[in-house]
Amino acid sequence: PSTGIGVRDQPEYALRKPDRELAHLAAGLPPESPEFAAIIHRSEIMQGVILKARMAAIRSIPVLIEGESGTGKELMARAIHDASPRRAKPFIAINCGAIPSELVESEFFGHEKGAFTGAVAAKAGYFEAADRGTVFLDEIGELPKAMQVKLLRTLQEGEVRRLGATGIRKIDVRIIAATNRSLIAEVAVGSFREDLFYRLAVAVIRLPPVSERAGDISLLIDSLLERINEQSKNEPGYKHKKISVGARNILLRHHWPGNIREMQNTLTRAAIWSDGETINEEDARDALLFAPTVGNKEEGDILTQPVNQGIKLPAIMESVATHYLKAALSETHGNKTKAAELLGLASYQTLANWMKKYDIE
Ligand SMILES: Nc1ncnc2c1ncn2[C@@H]1O[C@H](COP(=O)(O)OP(=O)(O)OP(=O)(O)O)[C@@H](O)[C@H]1O
Ligand SMILES: [Mg+2]
């Protein structure tokens, strides 16, 4: 008997409707933008974001990309550059938070020989090097205030002056800036210049956190896992990893505070740790557990915490120890002798000491 469900009631049809509106908006754009293909997405919210990015890309206007850590800001910046008429010219990415403040000016604008101690030769800065291309100012909110003024002037005048130089040089760069905090909030508290903000925020692209990308997570899991499989193909003992339904459900329920980077790292761990060809629920759970939040740092990966900003080694050790002590005790139903064996600890007593140290019942 007929189910009575017509074509129009099928979910695919429902999904196509907003697509058509987007298609209408996109009229006048090049029909395809393969440059954005690396940004895996399917959700409506991301379709809207990509469309905006495509529209901004073809013009030389400044773009401000806002998004939490790991949402793909750098990936987006590169895609915009690649889709722009400047694609054949340099894309220079600068992490504004990583340059010591006393060096920022010479890194940005260059210097003449003898401009300061150690300036043994003249050197072009990033802006000169990026001439006719794109400068990506990552973590723009970290730019020292004194530099904010100089950057503003550079953008207004379209010229740079190397440190120690008398003359100026004309430059033509497109600016894409990124921030993982709200820049307008920084303006409100006075730590970011309002005039510079409005210079940079001509096109604003907000990358939503993974938790707002309904419909993307399953696709991301598949695509990222495929990429991981591809990358490990030539490694000894390579197995093509699949993910079980149960494991996928665990990942679908996770909130991904570290966004796509966290997904990538979690899947990599799960792929490495699973024995056979299938990532099962336990593998998924373990892989998630191994991304502890350390101190006040945002999502972190146990082995990739940037030491230069300080880490909390004791906290990391504690989370590793706690996880495995509990796992072994659960596995042996509380038998401490067996648990000690499983963990490679010398004796029941050693295990008891660890349990005491980490406050485990
Ligand atoms: N939609 C996506 N599809 C596929 N890969 C993605 C996507 N978004 C991000 N990635 C990947 O996730 C990782 C993190 O992305 P990226 O470095 O661009 O994020 P970010 O916003 O700059 O993070 P941070 O603020 O921590 O610097 C990269 O390896 C990137 O290739
Ligand atoms: Mg980044």
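Whatever order the structure lists them in is the order used to number ligands and atoms, beginning at 1. None of these values were measured; they are calculated from a predicted model.
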Polar proximity ligand 1 side, [X] side, N/O cut 3.5 Å exclusive:
X      : result
Leu224 : no
Ile39  : no
Ile40  : yes
Arg261 : yes

Less than 3.5 Å apart, which donor and acceptor atoms pair up between the side chains of residues 238-246 and the rest of the protein, not counting sequence neighbours?
from   : atom 1 : to     : atom 2 : distance (Å)
Tyr238 : OH     : His240 : ND1    : 3.2
Lys239 : NZ     : Asp275 : O      : 2.9
Lys241 : NZ     : Ala271 : O      : 3.1
Lys241 : NZ     : Ser274 : O      : 2.7
Lys241 : NZ     : Ser274 : OG     : 3.0
Lys241 : NZ     : Gly276 : O      : 3.0
Ser244 : OG     : Ala247 : N      : 3.1
Ser244 : OG     : Ile279 : O      : 3.3

**OP:** Classify the ring geometry between His81 and Phe91 as parallel (under 30°), tilted (30 to 60°) or perpendicular (over 60°).
**Re:**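 It falls in the tilted class, 30° to 60°.
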Original post:
Shared ILVMFWY cluster between Leu137 and Ile176, side chains joined below 4.5 angstrom?
Top reply: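 Each belongs to a different hydrophobic cluster.
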Subject >> Hphob cluster co-occupancy, Val63 + Phe197, side-chain heavy atoms under 4.5 angstrom >> reply: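 Val63 and Phe197: separate clusters.
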Original post:
If you measure from each heavy atom of Gly70 to ligand 1, is any distance below 4.0 Å?
Top reply: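 The answer is yes, since Gly70 has a heavy atom less than 4.0 Å from ligand 1.
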Original post:
With a 4.0 Å cut-off on heavy atoms, does Ala77 reach ligand 1?
Top reply: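 The answer is no, since Ala77 has no heavy atom less than 4.0 Å from ligand 1.
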Looking only at protein heavy atoms, which one is nearest to [atom], and how far off is it?
atom                    : value
atom 28 (C) of ligand 1 : Gln264 OE1, 3.9 Å
atom 19 (O) of ligand 1 : Gly72 N, 3.1 Å
atom 8 (N) of ligand 1  : Ile260 CD1, 3.3 Å
atom 25 (O) of ligand 1 : Lys73 NZ, 2.7 Å

Original post:
Are Asp195 and Arg153 close enough for a salt bridge, meaning some N to O gap below 4.0 Å?
Top reply: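 No salt bridge links Asp195 with Arg153.
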Check [X] against [Y] and note the closest heavy-atom contact, atom names and distance.
X      : Y      : answer
Ser60  : Arg86  : OG-NE, 2.9 Å
Ser218 : Leu252 : N-CD2, 4.0 Å
Ala129 : Pro90  : O-CG, 3.3 Å

What part of [X] sits under 4.0 Å from ligand 1 if we count only heavy atoms: the side chain, the backbone, both or neither?
X      : result
Met46  : neither
Glu262 : neither
Ser223 : neither

For [X], counting its heavy atoms only, list the atoms of ligand 1 lying under 4.0 Å from any of them.
X      : result
Arg227 : 4 (C), 5 (N)
Glu74  : 18 (O), 22 (O)
Ala38  : 3 (N), 4 (C)

**OP:** State whether the number of non-hydrogen atoms from other residues, nucleotides or ligands found under 6.0 Å of Lys357 atom NZ is greater than 12.
**Re:**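 No, not enclosed.
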**OP:** Please step through salt bridge (charged side-chain N to carboxylate O under 4.0 Å, His left out) for the pair Glu230 and Lys233, ending with a clear verdict.
**Re:** CA-CA 5 Å; Glu230 195 58 40; Lys233 235 179 185 158; 3.2 Å; yes
Original post:
Which of these, Glu128, His111, Glu105, sits in a side-chain hydrogen bond (donor to acceptor under 3.5 Å, both in side chains) with Arg162?
Top reply: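 For Arg162, the side-chain hydrogen bond (donor to acceptor under 3.5 Å, both in side chains) test succeeds with only one of Glu128, His111, Glu105, which is Glu128.
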**OP:** Tell me which one of Asn259, Val210, Leu75 gets a heavy atom nearest to atom 18 (O) of ligand 1.
**Re:**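 The residue whose heavy atom sits nearest atom 18 (O) of ligand 1 is Leu75.
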